[in-house]
Every structure is written in C-alpha cells, then in structure tokens.
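Below is one structure, written out as structure tokens; comments come after it.
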Amino acid sequence: MKAPRKILAIQFKFLGDAIVVTPSLDAIRKHYPDCELHVLAPESSAPLFQHNPTLTKVWALPRVRGQARMKATWPILRAVRAERFDRSVDFCGNDRGAIMSLLCGAPVRLGVIQGGGFFGRRFCYTQRIPTAPQNLHETLRLAHILSAWNIPTPTPVKLSLFTDPSLQASARALLPERAIVCHIGAGQTKKEWPLTHWAAFHRLASAEGYNLIFSGGMGAREEAAMDHLKTLAPEIKILPPLRLGDFIAVLKEAHALIANDTGPMHFAAALGVPLVALFGPTSVVTWAPLGERVRILQADNCTCHSTLHDCVNAVHCMTRIAPEAVLQNLADVLRV
C-alpha cells in the first residue's frame with residue numbers, strides 16, 4: 001500500500017484506554033510523518049486528545065451507553081466521511097468501533113480478529129489481525145494492531161497527555177501548596193479502596209505533614225461516597241466537581257496522586273506526576289501505569305472475576321492494602 005494521506009484512529013472505550021493508545025498514535029506519526037492523523041473518540045474522552053501535537057484533528061462524538069443516538073452522531077459521521085480518509089484503524093475491538101470503522105468510509109479499515117459481538121462485525125473491516133497475547137501490557141497489545149501496516153512497536157513505550165495551557169493559572173489556584181490528590185473513585189466498586197481506609201490514611205498522612213485533597217467522579221454514586229467519607233473524616237479538603245480538561249490541568253500541578261485502578265492513575269503517569277496506584281482484581285502486567293515515578297500496591301489473592309462489578313467476598317479484597325503501606329509508598333515515590 002502506498003503511504004496514506006489521511007488516517008483515522010478510532011478509540012471508543014474508557015478514559016484509561018484513551019491514554020494507553022497514545023504510544024500507538026505516536027508510532028503512526030513517526031512512521032508516516034507527513035500524513036494527517038485524526039482521532040474519533042467519545043465527547044467524554046476527547047479532552048485527553050485535544051492538545052496532543054501529534055494529532056491533526058479530534059472528532060468528538062456524543063455517546064450514551066446503551067443508546068445509538070444516531071440523530072446526534074450522524075452529522076459528525078457525515079463530516080468524517082467527507083474527509084475521505086485513506087485508512088482507519090480501530091483500537092476498540094468492540095461493536096461500536098467496528099460500526100464506526102465501516103461508516104467512516106475509508107477504503108482500508110483495520111481491526112482485530114476476536115470472538116463475540118454482532119454477526120457482521122468482521123465485515124466492517126477490510127484488514128484484520130489476530131489479537132496480541134494476553135500477557136502483554138495493553139500499550140503493546142494496541143501497538144501490535146499496527147504491525148499489519150508494518151509500523152514498528154514504539155520503544156520505549158511512553159504515554160502522552162497534554163493539558164490546555166489556558167487552564168494552568170486556575171488549576172494552581174484550586175490546589176493547596178504541595179497538594180497530594182487522593183482520587184477515591186473507580187468504574188467498579190470492586191476496585192475501590194474502602195472509605196474507612198481512606199479516612200485512616202488521611203489521619204496518618206496529615207500527622208506526617210502531608211497536604212491531602214480528595215477528588216472523585218461526578219456521578220451520584222461517587223458523590224454519595226464522598227459525602228460518606230466526609231462523615232468519617234470531616235476535616236478533609238475536597239476538589240470541586242471538574243470537567244475532564246480542568247481535572248487533568250489540576251492533576252498536572254499536583255505534588256502526587258494516590259488513586260484506585262482507574263483513568264486518573266494513567267493520567268498522572270502520562271503527566272509525570274508521582275503516583276501510588278491501588279490495584280485489586282485487575283492484572284498489573286496488562287494495566288500497570290507506565291512511568292518512572294510510580295508505585296503499585298495490589299490486594300493479595302483477589303478472586304473477583306473481571307465480569308463482576310462488585311466484590312463478592314465477605315470482606316472486600318481491597319481492605320488487604322493497609323493505609324500504612326500506602327503512606328510508606330508515598331514517601332518512597334516522592335524521594336525518587
């Protein structure tokens with residue numbers, strides 16, 4: 001195939017997935033330095049791409065889980081088709097990514113071979129490649145897709161995240177001096193460190209002179225969890241609800257982040273912010289945040305299956321990570 005003039009990369013999954021695809025975007029740019037490189041992503045994750053100098057344009061598509069919303073999305077898809085992309089690559093591997101690949105209109109459409117999904121998924125692509133081995137890190141599994149175009153795997157693998165410079169001053173104004181952000185939320189309750197442990201950690205860290213400020217998601221469940229934490233530790237400081245672009249701008253200014261296995265831990269790793277990541281059932285081999293100033297703690301012997309939303313054990317698996325261990329790892333990562 002001749003060198004492409006325009007490539008569309010499709011990334012329609014979660015916030016953490018949006019960050020781990022960035023090494024693959026960098027690899028495309030390095031291999032085809034003169035092409036236009038566009039990304040099609042949900043509105044919710046578009047701010048993670050919008051200031052990336054590797055990209056020519058980010059297309060933000062309205063998305064609500066379980067709803068097609070074709071009336072809202074079709075004008076954008078029609079504009080995408082008008083770009084006349086030479087190639088597309090689907091980094092999702094799900095039904096939505098396959099359908100978007102077909103609708104974008106590129107004559108060369110690359111995706112992965114895997115089971116499940118609707119019957120016609122495989123016909124949405126003109127090129128398919130077997131999925132990479134499960135024992136690889138997700139960044140390498142995604143980069144493997146590009147081997148169909150003879151694009152080398154990036155070395156070293158480095159995450160990329162760029163904030164809006166215009167938000168820097170307001171971000172600094174929100175944070176106390178040398179603030180350590182503690183992000184209590186996660187997409188699934190089985191991944192969440194118990195609120196009693198967060199409260200105990202707050203007491204220990206405050207006694208050592210650390211300046212903590214807490215954050216969480218904007219959903220009703222996350223707001224209720226923060227309210228409960230305030231009853232356990234009334235003196236805690238809390239970040240106001242922030243849009244994603246504002247949150248990553250604030251995170252860039254943080255002294256460190258402590259977070260469950262969720263998107264913000266990858267944000268911190270990409271921004272070079274010292275990080276203590278708390279893992280439960282997720283594979284660290286596949287999903288470890290990549291960065292030089294990272295410490296990972298994992299709950300021992302967690303048996304929660306990947307398909308479950310909640311922990312099924314009588315005592316939540318994440319209780320096995322002690323507040324004292326988190327405090328020690330925070331001290332260690334700040335010395336690096």
Side-chain angles (χ1 to χ4, degrees), residues 14-16 18-19 41-51 60 62-65 161-189 191-206 209-278 289 326 330 334:
F14 303 107
L15 298 181
I19 296 299
E43 281 181 336
S44 57
S45 61
L48 301 175
F49 298 112
Q50 281 171 342
H51 296 277
R63 175 192 178 191
V64 176
R65 285 189 189 176
L161 180 57
F162 299 87
T163 60
D164 183 346
S166 69
L167 299 175
Q168 184 178 31
S170 59
R172 287 178 176 171
L174 282 172
L175 286 180
E177 186 178 358
R178 296 173 66 83
I180 294 167
V181 177
C182 299
H183 192 79
I184 68 171
Q188 299 169 322
T189 60
K191 297 180 179 182
E192 292 178 347
W193 205 35
L195 297 177
T196 52
H197 282 41
W198 282 113
F201 172 75
H202 177 265
R203 289 191 294 271
L204 291 171
S206 297
Y210 292 107
N211 201 352
L212 307 185
I213 188 165
F214 286 78
S215 68
M218 298 180 69
R221 184 175 67 83
E222 292 83 354
E223 291 177 2
M226 190 65 78
D227 289 340
H228 187 196
L229 180 59
K230 284 190 287 186
T231 67
L232 298 173
E235 67 280 12
I236 64 170
K237 301 170 186 173
I238 301 173
L239 280 172
L242 298 170
R243 297 173 303 171
L244 181 57
D246 295 287
F247 178 77
I248 59 176
V250 167
L251 185 56
K252 183 179 180 181
E253 304 300 324
H255 191 47
L257 172 73
I258 303 169
N260 299 310
D261 166 27
T262 188
M265 73 172 185
H266 293 295
F267 304 166
L271 292 168
V273 174
L275 167 68
V276 179
L278 312 178
V326 177
L330 174 62
L334 288 175

Handout entry: Distance in Å, Ile248 CD1 paired with Leu15 CG, rounded so as to fall on 0.5 Å steps
Key = 10.0 Å
Determine all donor-acceptor pairs shorter than 3.5 Å in which one atom belongs to a side chain in residues 216-227; sequence neighbours excluded.
| unit_1 | atom_1 | unit_2 | atom_2 | d |
| --- | --- | --- | --- | --- |
| Arg221 | NH1 | Glu192 | OE1 | 3.3 |
| Arg221 | NH1 | Glu192 | OE2 | 2.8 |
| Arg221 | NH2 | Ala186 | O | 3.0 |
| Arg221 | NH2 | Glu192 | OE2 | 3.4 |
| Glu222 | OE1 | Gly219 | N | 3.4 |

Completion exercise
Rounded to the nearest 0.5 Å, the CZ atom of Phe14 sits from the CD1 atom of Ile19 at a distance of 15.0 Å
Problem - Atom pair CD1 (Ile184) and CD1 (Ile236), whose distance is rounded to the nearest 0.5 Å - result: 7.0 Å
Handout entry: Any pair counted as side chain to side chain donor-acceptor pair (under 3.5 Å), so long as it reaches residues 237-251, sequence neighbours left out
Key = Asn211-Lys237, Arg243-Asp246
Handout entry: From CA spacing to verdict: side chain to side chain contact (heavy atoms under 4.5 Å, CB included), Leu229, Ile238
Key = CA-CA 10 Å; Leu229 180 59; Ile238 301 173; over 6 Å; no
Handout entry: Residue pair Ala179 / Ile213: nearest heavy atoms and the distance that separates them
Key = CB-CG2, 4.1 Å
Exercise for the section: Can you measure from CG (Leu251) to CG (Leu275) and round to the nearest 0.5 angstrom? Expected result: 9.0 Å
Completion exercise
The reported gap from CG in Leu334 to OH in Tyr210 (rounded to nearest 0.5 angstrom) is 5.5 Å
Return all side-chain donor-acceptor pairs below 3.5 angstrom for residues 195-206, not counting sequence neighbours, or 'none' if the list is empty.
| unit_1 | atom_1 | unit_2 | atom_2 | d |
| --- | --- | --- | --- | --- |
| His197 | NE2 | Thr319 | O | 3.1 |
| Trp198 | NE1 | Trp193 | O | 3.4 |
| Ser206 | OG | His202 | O | 2.8 |

Problem - Atom of Pro47, atom of Ser44 and distance for their closest heavy-atom approach - result: CD-O, 3.9 Å
Handout entry: Partners passing side-chain contact (heavy atoms from CB on, under 4.5 Å) against Pro234 (at least two apart in sequence or in another chain)
Key = none
Side chains of residues 165-172: which donor-acceptor pairs under 3.5 Å do they make with residues two or more places apart or in other chains?
| unit_1 | atom_1 | unit_2 | atom_2 | d |
| --- | --- | --- | --- | --- |
| Ser166 | OG | Asp164 | OD1 | 2.8 |
| Ser166 | OG | Asp164 | OD2 | 3.1 |
| Ser170 | OG | Leu167 | O | 3.0 |
| Arg172 | NE | Glu253 | OE1 | 3.0 |

Practice task
Take His183 and Phe247, measure what side chain to side chain contact (heavy atoms under 4.5 Å, CB included) needs, and give me the verdict at the end.
Solution key: CA-CA 11 Å; His183 192 79; Phe247 178 77; 4.0 Å; yes
Handout entry: Spacing of CG belonging to Leu161 relative to NE2 belonging to His51, to within rounding of 0.5 Å
Key = 10.0 Å
Handout entry: Nearest non-hydrogen partners of Val273 and Ala254, listed with the distance
Key = CG1-O, 3.9 Å
Exercise for the section: Determine which pairs satisfy side chain to side chain donor-acceptor pair (under 3.5 Å) with at least one residue from residues 254-277, sequence neighbours left out, and list them in order. Expected result: Arg178-His255, Asp261-Thr282
Problem - Evaluation steps, side chain to side chain contact (heavy atoms under 4.5 Å, CB included), between Thr163 and Phe267 - result: CA-CA 10 Å; Thr163 60; Phe267 304 166; over 6 Å; no
Handout entry: Val181/Leu175 under side chain to side chain contact (heavy atoms under 4.5 Å, CB included): CA gap, chis, key distance, verdict
Key = CA-CA 9 Å; Val181 177; Leu175 286 180; 4.3 Å; yes
Problem - Glu235 atom CD, neighbour heavy-atom count above 12 within 6.0 Å - result: yes
